[in-house]
Each structure stands twice: as C-alpha cells, then as structure tokens.
2 protein chains.
Amino acid sequence: MSSDYPVPDMADVDLVELLRALADPIRLQIVVVLADGEPHPKSAQEWGFDVQKSTMAHHFKSLREAGLTRTIIDGRTHAIQLRRSELDARFPGLIASLIGGAAS
Amino acid sequence: MSSDYPVPDMADVDLVELLRALADPIRLQIVVVLADGEPHPKSAQEWGFDVQKSTMAHHFKSLREAGLTRTIIDGRTHAIQLRRSELDARFPGLIASLIGGAAS
DNA sequence: ATCACTGTTCGATGTTCATCGAACTGTTTT
DNA sequence: AAAACAGTTCGATGAACATCGAACAGTGAT
C-alpha cells in the first residue's frame, strides 16, 4: 500500500508560488523533462545535476508542494510525474510556453 | 536628453531569471496590468500597493533587468511598458498564460 | 536477521531578496 | 535661485532559500 505524498488541490494552487517553484534552473529543467506527462524515476544520478541527493529531494518536494508534480511510490523507488492535464486546465498554455522557452 | 534605462537584449534574456522576476505578488500584478502593451505611469500611489516608493522602484528595476519592461522617461515622470511583442516572439504564450492564470 | 538500496528529513551555513528610511539626482515651477 | 516634485540609489535588517552532510525510514536482497 503506497499512500502517496500529499499534493495540493489544483484549485488552491497559487500562480505566484508556482512561478516561484519554476524559477530555479534545476526545477525548471525537471519540469521540462517531465512535460511529456509520463512518470520519471527520481534516481538522483539519472538527472545529471551536480548536487547531492538531499538537494534533489528538496527540489522534488518544492515542485510537489507548489502543485506541479505528484509522486508515485513503488517499493523502494519513487517516480515523479507532472500534473499535466490539471495544470493545463488551470493555467492554459503555461507549461507549453515553458517547454518552448527553455530550448534556446 | 533622456537616455533611457538600459534593457537587456531579448536574445540574452534567461527564462529562469524572467520567472524569478514574475514570482512576486507585486511584480506579477504589475505585469498583468501592463499586459495591454501600453505605457503606464510609475506613480507609486496609482498602483495601490501597500509599500514605500523605494520598494516600488526596486520592483520596477527587477522587471526591467529581467527583460520584461522598458522605462520611458518624460521630464520628471517615468512610464513603464511591457516589451510585449518581443516577449511574445521569444516566449510564445507565456504572457498570455499569466493573464489568464492570475485572474482566479 | 542482516545488509544494501532509495529516498526523505533535519540542522547548519551562506546567499539572495523584499522592505524600509534617508539621502541623492534631475526636472519643473515659482 | 529656491522650493517642490518624481524617482532612484544606498545601507541596513529580517526572512526565505539552495546547498550540504549526517541521520533516519522503508523496502528488497542475502
């Protein structure tokens, strides 16, 4: 039984807090990768950022608490997934504009 | 002679820094008001935020340095304008998504 | 049971930042 | 020239935050 980590209701998500979560190079890159809507493993080394795993855990928590992601627990591994459809309904076009803008 | 305040080239604007500038309640509200593309006076009291004018000057500077706005100096009054067309070309859909999302 | 593995939590540290008040710059008015 | 006006800049202060290492918790393997 995997009682997942709590996420805020999308209706309660504040745009300022969401932008705050996105305004970090590591977190923005995570969101860009997650934009495909699929779950991605949290495996710290897979992401290739030059920070400790505790720092990655902090960023994952920030994203989840801001309402951007959800965590899927499976045994001793965790996956992270963007709440894409909910986000698109609440903030139309926002995620899409990030994907394009982060390219350059 | 009004040599306006310097703005970064839009090509040099970093999405993370731009999001950082937007991730503040006062600055986001300013951008939403400025989204019509027209110049708006900086007159501190016109904006109705409960902060001192030096704080407003700080926010105006943050927006300009992030690449979001330009300042138009006219005598002893200043106006601020969103670089709407440049932003839309560089980050398509971003500003539009903020206007919608800030409503709720 | 013990060990290895994955990820979180906690406390500490240094940095960044929002805010304020005071001083300053440039402009218009008297 | 002097005073009033619109904004900026500066230094200080307190809060928020990114990062780290160590300790912890839960799960799977031996």
Side-chain angles (χ1 to χ4, degrees), chain A residues 1-7 14-31 33-34 39-81, chain B residues 1-7 14-31 33-34 39-81:
Chain A
M1 220 277 281
S2 49
S3 66
D4 294 342
Y5 289 71
V7 294
D14 177 31
L15 179 55
V16 171
E17 290 175 24
L18 194 145
L19 291 169
R20 185 71 193 74
L22 293 167
D24 176 274
I26 290 182
R27 289 195 297 262
L28 179 60
Q29 191 55 41
I30 292 173
V31 168
V33 170
L34 260 46
H40 288 245
K42 282 189 180 171
S43 334
Q45 66 215 25
E46 288 295 334
W47 293 90
F49 297 114
D50 191 23
V51 293
Q52 296 306 118
K53 63 176 181 174
S54 58
T55 301
M56 291 302 292
H58 159 69
H59 286 311
F60 289 139
K61 185 178 186 181
S62 296
L63 290 170
R64 176 174 49 79
E65 288 180 343
L68 280 160
T69 61
R70 104 182 89 240
T71 297
I72 300 162
I73 302 178
D74 176 36
R76 69 181 168 187
T77 67
H78 298 192
I80 185 173
Q81 185 178 30
Chain B
M1 222 276 282
S2 50
S3 66
D4 293 344
Y5 288 73
V7 293
D14 177 30
L15 180 55
V16 171
E17 291 175 23
L18 194 143
L19 291 169
R20 185 71 194 73
L22 292 167
D24 175 274
I26 290 182
R27 289 195 296 263
L28 179 60
Q29 191 55 41
I30 292 173
V31 168
V33 170
L34 260 46
H40 289 246
K42 282 189 181 170
S43 335
Q45 65 213 27
E46 288 294 335
W47 292 89
F49 297 114
D50 193 21
V51 293
Q52 297 306 116
K53 62 176 182 175
S54 58
T55 302
M56 290 303 292
H58 160 69
H59 287 310
F60 289 139
K61 185 178 184 180
S62 296
L63 291 170
R64 175 174 50 80
E65 288 180 343
L68 280 160
T69 61
R70 102 182 90 242
T71 297
I72 300 162
I73 302 177
D74 176 36
R76 68 182 169 186
T77 69
H78 297 192
I80 184 173
Q81 184 177 30

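Being a predicted model, the structure only gives us computed values, none of them experimental. Just so you know, these numbers use all the heavy atoms, side chains as well, and skip hydrogens, waters and symmetry mates. Just so it is clear: chains get the letters A, B, ... in the order the sequence lines come, proteins before strands, and each one is counted from 1.
One interatomic measurement links the two molecules: CD1 of B:Ile73 to C1' of C:dT27, which rounds to 11 Å at whole-angstrom precision. Atom CD1 in B:Ile80 sits about 14 Å away from atom C1' in D:dT8, given to the nearest Å. As rounded to whole Å, 14 Å separates atom P of C:dG7 from atom CZ of A:Arg64. B:Met56 places its CE atom 17 Å from the C1' atom of D:dT9, with the value rounded to the nearest Å. Between the P atom of C:dC10 and the CD atom of A:Gln52 lies a distance of 19 Å, rounded to the nearest Å. A straight line from NE2 of B:His58 to P of C:dC17 spans 8 Å, rounded to a whole angstrom. For the pair A:Glu65 CD and D:dA16 P, the computed distance is 14 Å after rounding to whole Å. In this structure, A:Leu63 places its CG atom 13 Å from P of D:dC17, rounding to the nearest Å.
Distance CG/A:Leu68 to CG/A:Leu28: 10.0 Å, rounded to 0.5 Å.
Of the candidate nucleotides C:dC20, C:dT8, D:dA18, D:dA18 has the atom nearest to the side chain of A:Asp24. Closest to the side chain of B:His59, from the set C:dT19, D:dT9, C:dA18, is C:dT19.
Residues passing the side-chain contact (heavy atoms from CB on, under 4.5 Å) test with A:Ala79, sequence neighbours excluded: A:Pro39, A:Ile72. Residues forming a side-chain contact (heavy atoms from CB on, under 4.5 Å) with A:His58 (at least two apart in sequence, or on another chain): A:Arg27, A:Ser62. By the side-chain contact (heavy atoms from CB on, under 4.5 Å) test, B:Thr55 pairs with B:Val51, B:Gln52, B:His59, sequence neighbours left out. Scanning for side-chain contact (heavy atoms from CB on, under 4.5 Å) contacts around A:Ser43 gives A:Pro41, A:Glu46, with sequence neighbours left out.
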Interface polar pairs with nucleotides 3-6 of chain D, N/O, under 3.5 angstrom:
from	atom 1	to	atom 2	distance (Å)
D:dC5	O4'	B:Arg76	NH1	3.4
D:dA6	O4'	B:Arg76	O	3.0
D:dA6	O3'	B:Arg76	O	3.2

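Distances shown here put a side-chain N or O of A:Arg20 below 4.0 Å from the OP1 or OP2 atom of D:dA18. An OP1 or OP2 oxygen of C:dA18 is reached within less than 4.0 angstrom by no side-chain nitrogen or oxygen of B:Thr55.
Nearest-nucleotide mapping onto DNA chain D: of A:Gly75 and A:Ser54, the residue sitting toward the 5' end is A:Ser54.
Identified under the salt bridge (charged side-chain N to carboxylate O under 4.0 Å, His left out) test for residues 54-73 of chain B, with sequence neighbours left out: B:Arg70-B:Glu86.
For the pair A:Gln29/A:Phe49, a side-chain contact is recorded, criterion being any heavy-atom separation below 4.5 Å from C-beta on.
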